[in-house]
Student: 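Please see the structure below; I have some questions.
Along the sequence shown, the residues carry numbers beginning at 1.
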Amino acid sequence: MKKIIDKIKNFRIVIDREKETYSSGELLVLMFVSIAFGMMSMFAMVKAFTSGKDYVTLNRDLGKLVDAYNIVVDNYDGDIDKEKMIDNAISGMMSGIEDPYTTYSTSQNAKKFLEKVSGTYEGIGCEVYTDDEGNIVVGHIVEGGPSEKAHLQENDIIIEVDNESFVGKTSNDLATYIKNSDNKKVMLKVKRAEEEVYVTIKKDDVESITVASSTFTKNNKKIGYIYISIFSTVTTKQFTNAYDKLLSENIDGLVIDVRGNIGGYLDVVTDITSLILPKDKIIYHLEDDGNKTTVKDNNDKYFDKPIAILINGTSASASEILASAVKESYGGEVIGTKSFGKGTVQSTLTLSDGSMVKYTAQKWYTPEGNSVINEGVIPTNIIELSEEYKNNPSNDTDNQLQTALDLASK
């Protein structure tokens, strides 16, 4: 390349009105220079459009995949679903990493995932269930949601939806119909006491209920109780509202229940834990490519009374961050059974068609530097659910809850 550049420098091209033709040697050099600069420009553009990756290496790595795809598409004797082939190819690449948390989701499954962790969904804003007699019954109605605005009432029995009988169908059938319907309004025929009433509900974005709270009296003390189902984008606000309400009631202790909570957003559990721990206490450590970062509580306010956390085998990820922080940085109690053991953090990337790649980006460690991968968080009080609870589930028979309330009252 240096020889070519030197030759260009020493080669004098005179362009004027009198010179309209070039020698064959001049043309050859001009062609070579044009091709060289064109190729350099092309590789620069390709590198820019491939996020700085080496195009030659990228092309070599994917060559086998492209060859296999083209061979099958061009030669297979039968119909081929190309989109399905590509989805399966990407899924295969992810599974080859052998990390259960590095995955590929189709656009449809990605939409479901994002809806779950966003904490909002399009619907009518009420819960329904199937009773012992097979009726679809309206349960909890979301405050300020579409059903409340349309004056649907708890205990209404749904018998028709959009003029179609739903007698004999289940609450799941109803939920599926509403979710998949393109109609912006849903007309319900309900039985209310002894009369039948039509209720038209306009579908809208509804905030999922991820937090529930109440108070219990134990050992003559008032104990606050907060259940968290998932750490979604709406959970911080809902937890804060519930927590502040309990504080205003002058509770003597707090129980946080994350049994069955598979996790959620890291920043959400960080914000929630910061409400509880004293300032500068460690919440967790993050490791990224061998570099560790310590995340501490930066909130001046904290809870200065007994805390107990309820966990079980499906409490994972963000739930384990909360439980381990309360256990190791607060000295609180953890009750139940060993948690799931997910000590990694995932990032997501949405592709052009709405599909999604989720990949492990970091590891996290407890305040004392322990990894929970395959180990879980070990409760301070290991307690299995009693047979009495399994046969007759209630707050009174929930021996794990009762133990947590007892410890939070001391």
Side-chain angles (χ1 to χ4, degrees), residues 105-214 225-230 232-235 237-239 241-242 245 257 259-262 264 354 390-395 398:
S105 299
T106 63
S107 56
Q108 186 176 5
N109 290 334
K111 183 179 179 181
K112 292 178 182 177
F113 169 78
L114 291 173
E115 185 178 273
K116 185 174 183 179
V117 296
S118 71
T120 59
Y121 64 95
E122 185 182 56
I124 63 174
C126 73
E127 295 177 357
V128 293
Y129 63 93
T130 306
D131 67 11
D132 294 337
E133 296 177 3
N135 298 312
I136 302 175
V137 183
V138 177
H140 173 73
I141 295 176
V142 177
E143 184 178 351
S147 289
E148 184 182 68
K149 292 177 181 177
H151 306 295
L152 190 68
Q153 296 181 13
E154 289 189 18
N155 299 317
D156 282 349
I157 297 174
I158 299 172
I159 53 181
E160 281 186 11
V161 182
D162 291 338
N163 297 314
E164 177 185 343
S165 174
F166 263 66
V167 175
K169 295 186 179 182
T170 68
S171 56
N172 286 335
D173 294 329
L174 175 62
T176 300
Y177 174 83
I178 293 174
K179 184 178 181 65
N180 296 334
S181 173
D182 292 329
N183 298 332
K184 293 300 180 183
K185 293 183 179 180
V186 179
M187 186 174 70
L188 304 179
K189 183 179 180 181
V190 303
K191 185 177 181 181
R192 183 177 297 165
E194 299 302 319
E195 62 177 338
E196 293 182 350
V197 179
Y198 284 95
V199 180
T200 300
I201 306 171
K202 182 181 179 181
K203 291 199 291 187
D204 200 353
D205 288 337
V206 180
E207 187 175 288
S208 300
I209 305 301
T210 64
V211 172
S213 63
S214 60
Y225 169 87
I226 301 178
Y227 170 73
I228 307 172
S229 63
I230 188 172
S232 75
T233 55
V234 300
T235 304
K237 179 185 71 175
Q238 293 181 9
F239 181 91
N241 290 341
K245 183 175 182 297
D257 190 347
R259 291 177 294 182
N261 183 327
I262 62 172
K390 294 176 183 178
N391 295 329
N392 182 28
S394 70
N395 289 333
D398 186 343

Student: Between Cys126 and Leu152, is the side-chain contact (heavy atoms from CB on, under 4.5 Å) condition met? List the steps.
Tutor: CA-CA 9 Å; Cys126 73; Leu152 190 68; 4.0 Å; yes
Student: Looking only at non-hydrogen atoms, find the nearest pair between Asn183 and Tyr177 and report the distance.
Tutor: ND2-OH, 4.2 Å
Student: Restricting to non-hydrogen atoms, name the atom on Ile124 and the atom on Pro146 that form the minimum distance, rounded to 0.1 Å.
Tutor: O-CB, 3.5 Å
Student: Please check if the number of heavy atoms outside Ile262 that lie under 6.0 Å from its CD1 is greater than 12.
Tutor: no
Student: Just wondering, more than 12 heavy atoms not from His140 lying within 6.0 Å of its NE2?
Tutor: yes
Student: Using side-chain contact (heavy atoms from CB on, under 4.5 Å), reason through Glu207 and Gln238 one step at a time and then give a plain yes or no.
Tutor: CA-CA 10 Å; Glu207 187 175 288; Gln238 293 181 9; 2.8 Å; yes
Student: Hey, could you give me the CG/OG distance between Asp204 and Ser147, rounded to the nearest 0.5 Å?
Tutor: 11.0 Å
Student: Identify the heavy atoms of Ala242 and Val211 that sit nearest to each other, and give their distance.
Tutor: CB-CG1, 4.0 Å
Student: Please answer whether the main-chain N or O of Tyr225 pairs with a side-chain N or O of Ser214 as donor and acceptor at a distance below 3.5 Å.
Tutor: no
Student: What verdict does the side-chain contact (heavy atoms from CB on, under 4.5 Å) test give for Lys169 and Leu174, after you've listed the backbone C-alpha separation in whole Å, the side-chain angles of each residue and the deciding distance to 0.1 Å?
Tutor: CA-CA 8 Å; Lys169 295 186 179 182; Leu174 175 62; over 6 Å; no
Student: Is there a donor-acceptor pair closer than 3.5 Å between any side-chain N or O of Asp162 and the backbone N or O of Met187?
Tutor: yes
Student: Run the salt bridge (charged side-chain N to carboxylate O under 4.0 Å, His left out) test against Glu148 and tell me which residues pass, sequence neighbours left out.
Tutor: none
Student: Excluding sequence neighbours, so at least two apart, what forms ring-ring contact (aromatic ring centres under 6.0 Å, His included) with Phe239?
Tutor: Tyr243
Student: So, using salt bridge (charged side-chain N to carboxylate O under 4.0 Å, His left out) as the criterion, who are the partners of Lys179 when residues are at least two apart?
Tutor: Glu115
Student: Just verifying a value: how many Å separate Glu160 CD and Lys189 NZ, rounded to the nearest 0.5 Å?
Tutor: 4.5 Å
Student: Mind checking what makes ring-ring contact (aromatic ring centres under 6.0 Å, His included) contact with Phe113, not counting sequence neighbours?
Tutor: none
Student: Could I get the full list of salt bridge (charged side-chain N to carboxylate O under 4.0 Å, His left out) partners for Glu133, not counting sequence neighbours?
Tutor: none
Student: Nearest heavy-atom pair of Ile226 and Ser213: which atoms, and what distance?
Tutor: CG1-CB, 4.2 Å
Student: Drop me the distance from Ile178's CD1 to Lys203's NZ, to the nearest 0.5 angstrom.
Tutor: 7.5 Å
Student: What distance do Ile136 atom CD1 and Asp156 atom CG have between them, rounded to the nearest 0.5 Å?
Tutor: 12.5 Å
Student: Report the C-alpha distance between Phe166 and Ile157 in whole Å, list the side-chain angles of each, state the deciding distance to 0.1 Å, and finish with yes or no for side-chain contact (heavy atoms from CB on, under 4.5 Å).
Tutor: CA-CA 10 Å; Phe166 263 66; Ile157 297 174; over 6 Å; no
Student: In Å and rounded to the nearest 0.5 Å, what is the CG to CD1 distance from Asn155 to Ile141?
Tutor: 9.0 Å
Student: Any side-chain to backbone donor/acceptor pair from Ser208 onto Lys116? Under 3.5 Å, distance only.
Tutor: no
Student: Measuring from atom OG of Ser118 to atom NZ of Lys111, what distance do you get when rounded to the nearest 0.5 angstrom?
Tutor: 11.0 Å
Student: Determine the minimum heavy-atom distance between Ser105 and Ala110, stating which atoms define it.
Tutor: CB-N, 4.0 Å
Student: Could you check whether Thr170 and Asp173, counting side-chain N and O atoms only, form a donor-acceptor pair closer than 3.5 Å?
Tutor: yes
Student: For a quick test of reading the model, state the closest non-hydrogen atom pair linking Ser232 to Thr210 and the distance between them.
Tutor: OG-CG2, 3.6 Å
Student: Got a sec, which residues hit salt bridge (charged side-chain N to carboxylate O under 4.0 Å, His left out) with Lys185, two or more places apart in sequence or on another chain?
Tutor: none
